Undergrad: 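I am attaching a structure below and will ask some questions about it afterwards.
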Amino acid sequence: TISSSTAWNEIILTNANKNRTAKKSVFSGIVLNAMTSEGVEAANISLEAQGDSSHSANIKTEMDGSFSIELEADTYNITISAENYEEETFEFTIEENSNYSGEQFTISPELAAGSARIVLEWNAQHQDLDSYLWGNTDKGDDLYVNFRKRTCEGRDGLLAELDVDDTNGYGPETITLNDLNGVYTYSVVDYRTTGTLQQYGATVKVYLPGKSAPTVITLDPNAGVENVWEVFELDHGELKILNRAPAEENLRPGSK
């Protein structure tokens, strides 16, 4: 049952690959815009094999952002680029005679001057993770953004905005911060309080001006996190990774 008109779906025909090249694996998926969750058309995907350079390849995404290619077994550096987007690099291992379907890669639109972007992604086990960003600007504005309050205005205009509240798994959920002149904290909350946030994990990417690539933060398996993950502090554009459980995990950020 397809419940969303914007959902990306793939139908796998189990007998369709009988005549494909021996030893090659089918690698397919979609490239998404981190701010809209829509597919990115004509994104260039460069697959650079770490083991045997003859396995390397280049493809472009279709109109809906999807792609499909047959690859030899190897570990690949996957670089994805598109006009008006930040270039992204991922690592992916292809094993012999194994198909990889429905893989999702998220790329971020180019940053405006003086802004930052935070992208949260997770897996199917957590249906509903939430992004929280809060703090204070140098001008004395209180900043607080989450699924209940998706935009925050200051005396000079929009301070920060959350794009969507994803409740069906994977994400992305993206916060754009327009004022770096302040001190802010970012946390991830398991809305359903399953106590399994550390078990299943999540990934946060932080895009900052002047940086050629985002900082990628994954949950430390020894952090003792259950339902609330304090990810980082941003102090006037300087990133300090926290990667810990808060002192009182029963309290959600900003709930005092």
Side-chain angles (χ1 to χ4, degrees), residues 6 8 10 25-51 53 55-69 71 74-94 100-124 129 131 133 161-164 166 169-178 180 186 188 201-219 231-232 234 237 239 241 243:
T6 60
W8 180 80
E10 182 176 20
S25 298
V26 174
F27 177 56
S28 64
I30 191 167
V31 176
L32 296 178
N33 180 323
M35 295 187 68
T36 66
S37 297
E38 296 177 349
V40 179
E41 180 183 359
N44 184 69
I45 304 176
S46 173
L47 301 116
E48 181 182 355
Q50 296 181 11
S53 61
H55 297 165
S56 300
N58 283 277
I59 55 173
K60 284 187 178 291
T61 58
E62 303 294 335
M63 291 180 62
D64 61 352
S66 64
F67 65 87
S68 183
I69 188 173
L71 294 173
D74 211 320
T75 296
Y76 292 84
N77 294 326
I78 303 175
T79 301
I80 303 178
S81 58
E83 187 175 0
N84 299 321
Y85 284 83
E86 304 283 348
E87 185 174 278
E88 301 273 1
T89 300
F90 308 86
E91 186 177 272
F92 199 95
T93 297
I94 300 290
Y100 301 85
S101 174
E103 301 299 330
Q104 177 177 303
F105 298 93
T106 303
I107 61 176
S108 179
E110 290 179 345
L111 282 173
S115 65
R117 186 167 294 133
I118 307 156
V119 180
L120 167 66
E121 296 178 283
W122 61 99
N123 55 32
L129 296 186
S131 298
L133 180 69
E161 180 177 18
L162 170 68
D163 61 342
V164 295
D166 191 322
Y170 296 100
E173 282 194 9
T174 301
I175 291 178
T176 300
L177 173 64
N178 296 319
L180 294 179
Y186 176 82
V188 173
T203 299
V204 172
K205 294 193 290 186
V206 186
Y207 299 80
L208 293 170
K211 303 292 185 180
S212 59
T215 298
V216 180
I217 308 170
T218 55
L219 182 54
V231 185
F232 66 81
L234 191 62
L239 186 66
I241 297 175
N243 215 338

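The figures that follow rest on heavy atoms only: side chains count, while hydrogens, waters and symmetry mates do not. Each residue takes its place number in the sequence, starting with 1. Quick caveat, the model's predicted, so the values are computed rather than measured.
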Undergrad: Working to the nearest 0.5 angstrom, can you tell me the gap between Asn58 CG and Leu47 CG?
TA: 7.0 Å

Undergrad: Within the side chain of Ser108, is there an N or O that forms a donor-acceptor pair under 3.5 Å with the backbone of Ala34?
TA: no

Undergrad: Determine the minimum heavy-atom distance between Leu219 and Gly201, stating which atoms define it.
TA: CD2-CA, 4.4 Å

Undergrad: Taking all heavy atoms of Thr106 and all of Gln104, pick out the closest pair and write down the distance.
TA: OG1-NE2, 4.0 Å

Undergrad: Is any side-chain heavy atom of Ile80 closer than 4.5 Å to one of Val40?
TA: no

Undergrad: Take a 6.0 Å sphere around CD of Glu161 and say whether it holds more than 12 heavy atoms from other residues, nucleotides or ligands.
TA: yes

Undergrad: Please find the pair of heavy atoms, one from Ser56 and one from Glu48, that lie closest to each other, and give the distance.
TA: OG-CA, 3.6 Å

Undergrad: What is the distance from atom OG of Ser115 to atom CG of Leu208, rounded to the nearest 0.5 Å?
TA: 9.5 Å

Undergrad: May I ask you to say whether Glu86 pairs ionically with Arg117, meaning some side-chain N is under 4.0 Å from a carboxylate O?
TA: no

Undergrad: Are side-chain heavy atoms of Glu88 and Pro214 found at a separation under 4.5 Å?
TA: yes

Undergrad: If you round to the nearest 0.5 Å, how far is OG of Ser53 from CG of Asp74?
TA: 9.5 Å

Undergrad: With a 3.5 Å distance limit and no angle check, can you tell me whether Asn84 reaches the backbone of Pro109 through a side-chain donor-acceptor pair?
TA: no

Undergrad: Could you measure the distance from the CD1 atom of Ile30 to the CD atom of Glu38? Nearest 0.5 Å is fine.
TA: 10.0 Å

Undergrad: Of the options Leu239, Val204, Ile217, Val206, which is the one that meets Tyr186 in a side chain to side chain contact (heavy atoms under 4.5 Å, CB included)?
TA: Val204

Undergrad: For Pro172 and Leu32, which heavy atoms make the closest approach, and how far apart are they?
TA: CD-CD1, 4.4 Å

Undergrad: Nearest heavy-atom pair of Phe232 and Ile241: which atoms, and what distance?
TA: CB-CA, 4.1 Å

Undergrad: Rounded to the nearest 0.5 Å, what separation is found between the CD1 atom of Ile69 and the CD1 atom of Ile59?
TA: 4.5 Å

Undergrad: For a 4.5 angstrom cut-off between non-hydrogen side-chain atoms, does Glu121 reach Phe105?
TA: no

Undergrad: Rounded to the nearest 0.5 Å, how far does OH of Tyr76 lie from CD of Glu91?
TA: 12.5 Å

Undergrad: Which class fits the ring pair Phe27 and Phe92: parallel under 30°, tilted 30 to 60°, perpendicular over 60°?
TA: tilted

Undergrad: Tell me, with the steps shown, if Ser101 and Val26 meet side-chain contact (heavy atoms from CB on, under 4.5 Å).
TA: CA-CA 7 Å; Ser101 174; Val26 174; over 6 Å; no

Undergrad: I need the single residue from Leu133, Val119, Leu120 that forms a side chain to side chain contact (heavy atoms under 4.5 Å, CB included) with Ile175. Which is it?
TA: Leu133

Undergrad: Could you tell me whether a side-chain N or O of Thr61 sits under 3.5 Å from a main-chain N or O of Ala42, the two making a donor and an acceptor?
TA: yes

Undergrad: Take His55 and Leu71 through the test side-chain contact (heavy atoms from CB on, under 4.5 Å) and record every step on the way to the result.
TA: CA-CA 7 Å; His55 297 165; Leu71 294 173; over 6 Å; no

Undergrad: If I compare all heavy atoms of Val31 with all of Ala43, which pair ends up nearest, and what's the gap?
TA: CG1-CB, 4.4 Å

Undergrad: Return yes if a side-chain donor-acceptor contact under 3.5 Å exists between Thr75 and Thr93, otherwise no.
TA: yes

Undergrad: Would you find more than 12 non-hydrogen atoms of other residues, nucleotides or ligands less than 6.0 Å from Lys211 atom NZ?
TA: no

Undergrad: Would you check if the side chain of Thr174 reaches a backbone N or O of Asp163 as a donor-acceptor pair within less than 3.5 Å?
TA: no

Undergrad: Check side chain to side chain donor-acceptor pair (under 3.5 Å) between Thr89 and all other residues, then give those that pass, not counting sequence neighbours.
TA: Thr79

